[in-house]
*Asks:* 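Have a look at the structure that comes next, please.
Given the structure is predicted, the values throughout are model-derived calculations rather than measurements.
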Protein chains: 2
Amino acid sequence: MIEYSGQPHYLVAVDCIVFGFDGERLKLLLVKRGLEPEINKWSLIGGFVGANESPDDAANRVLKKNTGLEGIYLEQLQIYGEPHRDPIERTLSVGYFALIDIHKYEAQLSDEYHAEWFLVNESPKLIFDHAQMVADARKKLRYKAALHPILFEMLPKKFTIPQLQMLFEEVNDTKIDTRNFSRKISSTGLLIKLEEKDKSGSKKGAFYFKLDKKKYKANFQAFLNLIPNLKL
Amino acid sequence: MIEYSGQPHYLVAVDCIVFGFDGERLKLLLVKRGLEPEINKWSLIGGFVGANESPDDAANRVLKKNTGLEGIYLEQLQIYGEPHRDPIERTLSVGYFALIDIHKYEAQLSDEYHAEWFLVNESPKLIFDHAQMVADARKKLRYKAALHPILFEMLPKKFTIPQLQMLFEEVNDTKIDTRNFSRKISSTGLLIKLEEKDKSGSKKGAFYFKLDKKKYKANFQAFLNLIPNLKL
DNA sequence: ATTATTATTTGTCAAAATGACATTTAATAA
DNA sequence: TTATTAAATGTCATTTTGACAAATAATAAT
């Protein structure tokens, strides 16, 4: 087989910044690293890109292995390729951010996988440049969520408007006016009101809504300015 | 030296999608590939990531080598990593899109570098997955340019409003109303009007403007909706 | 000198979107 | 029956938007 002569070869990994929402707070899924160096330290979910898979494939595989979940929302963040970011040997890592409905994950046997959820603001120290990856991913999540309805990926099938608003407030670290928010949300036409109410949060109860998936897919590109005074 | 045992290693390259604007049309900078396979075919400007450089470093080095220019606006696009995208051996490529003031480049000795400008819509067939990279880069350029003032990176120090508008129209492949466009542009406060006029395009002449670089840097994040009926 | 030409520049107005603000409502608990 | 609590909804002034055409400045032609 011909090769490009004399060029160095590197390991290529993927690392996933996995966000979830428990109904109140934004969370981050971490695992204890299973190999040296830094074994047993907290780390993003990651792994090496195999010979017959693309980085996207690798990210999906690694996510399934660590959570049992398939079909997770995944988006390429960027590549991390500083020469010495991994002390053992040169490894470039493709960062992905993933959005999970946390309840789907909790439905899995949590012993089978040793990933753990942390509040994003109370995460432990992470290995290598993983803290930078998380910071970049939070920024990108804010950016995208301001323009596209990706946050629904973190909600269960049925959710309430107050829940949705809390999620937006968490992601953007801001308070949003209830009246303006619900006006904006309903103007998108993406939500379908259900009969049922969620009585857990109040005496009155909040109506459940579900996503209009047809419109969601059709309108994924146009969902501007859900955050007041948006400054990207 | 310790290594991660048994993991495959790959070549890692960078490829730059270089956009320029000649005052009327959007252009793409290509080179004839200098090595087998596909030698002498048209290709994006690219190269392998060296042992002591990051992909960002490599992109800057490769751009300087092929154009003589430094300090070019560069942004990571995404990674291209399908297992067989390069027929010789597995190579992952980090795509970058670059924005150049085409006049700076023309000031260089054009014989010294054999890169050539093509109209983006009349580019030759490209090697490997480079056509896909160009398509992705155009999409991302539209996206970013709708929200951030990056298109100024393609203009000379002095430029006119009609030129600026033509650039926006080229990038977005649309027509924009002159009155609304100049209202929007001036509301950003990013432009400083000069005394001088550009007489080349008309009898009346169009006033030159320059970028207020302080405001440009300060407001890089907030420059929304320059394209009417924006649908991202 | 006057007029014609041509791209540049600027103005209006109605409609829609935005942001700030407080009250009503529904269900349960007291 | 009343108190409590979160959910749901309405108003209004301001700003932004999009659609539309007339005026201007310089040169070329007569």
*Asks:* I need the single residue from A:Leu28, A:Leu29, A:Asp22 that forms a side chain to side chain contact (heavy atoms under 4.5 Å, CB included) with A:Trp117. Which is it?
*Replies:*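 Of A:Leu28, A:Leu29, A:Asp22, side chain to side chain contact (heavy atoms under 4.5 Å, CB included) with A:Trp117 is met by A:Leu29 alone.
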*Asks:* What is the distance from CG of A:Asp198 to C1' of D:dA8, rounded to the nearest Å?
*Replies:*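 Value for this atom pair: 15 Å.
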*Asks:* Quick one: on DNA chain C, does B:Gly205 or A:Phe207 contact a more 5' nucleotide (nearest heavy atom)?
*Replies:*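 That would be B:Gly205.
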*Asks:* To the nearest Å, how far apart are A:Phe181 CZ and C:dA22 P?
*Replies:*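 Distance check: A:Phe181 CZ to C:dA22 P gives 21 Å.
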*Asks:* Name the residue closer to the 5' end of DNA chain D, choosing between B:Lys199 and B:Asn180 according to the nucleotide with the nearest heavy atom.
*Replies:*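 Mapping each residue to its closest nucleotide by heavy atoms, the 5'-most match is B:Asn180.
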*Asks:* With a distance cut-off below 6.0 Å to the six-membered ring centre and an angular limit of 45° from the axis, does B:Lys197 pair with B:Phe207 as a cation-pi contact?
*Replies:*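 Satisfied, under 6.0 Å and within 45°.
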*Asks:* Closest approach to the side chain of B:Lys197, judged atom by atom: which nucleotide of D:dT9, D:dA26, D:dA7 is it?
*Replies:*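 When the side chain of B:Lys197 is considered, D:dA26 is the closest of D:dT9, D:dA26, D:dA7.
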*Asks:* Assess whether one donor atom and one acceptor atom, taken from the side chain of B:Arg183 and the base of C:dG11, lie less than 3.5 Å apart.
*Replies:*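 When only heavy-atom distances are counted, B:Arg183 does not reach the base of C:dG11 through any donor-acceptor pair under 3.5 Å.
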*Asks:* Base of C:dA22, side chain of A:Arg179 - is there a donor-acceptor contact under 3.5 Å?
*Replies:*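 For A:Arg179, whose side chain was compared with the base of C:dA22, there is a donor-acceptor pair (under 3.5 Å).
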*Asks:* Look at the side chain of A:Lys204 against the base of D:dA7 and say whether a donor-acceptor pair falls under 3.5 Å; ignore hydrogens and angles.
*Replies:*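 For A:Lys204, whose side chain was compared with the base of D:dA7, there is a donor-acceptor pair (under 3.5 Å).
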*Asks:* Find the distance between CG (A:Asn66) and CZ (A:Arg61) and round it off to the nearest 0.5 Å.
*Replies:*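 Reported value, rounded in 0.5 Å steps: 10.0 Å.
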*Asks:* Could you tell me whether the phosphate oxygens of D:dA7, OP1 or OP2, come under 4.0 Å of any side-chain nitrogen or oxygen in A:Lys203?
*Replies:*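 For A:Lys203, the contact criterion (side-chain N or O under 4.0 Å from OP1 or OP2 of D:dA7) is not met.
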*Asks:* Can you find a side-chain donor-acceptor pair between A:Asp15 and A:Ser93 that sits under 3.5 Å?
*Replies:*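 Checked: A:Asp15/A:Ser93 side chains pair up, N/O donor to acceptor below 3.5 Å.
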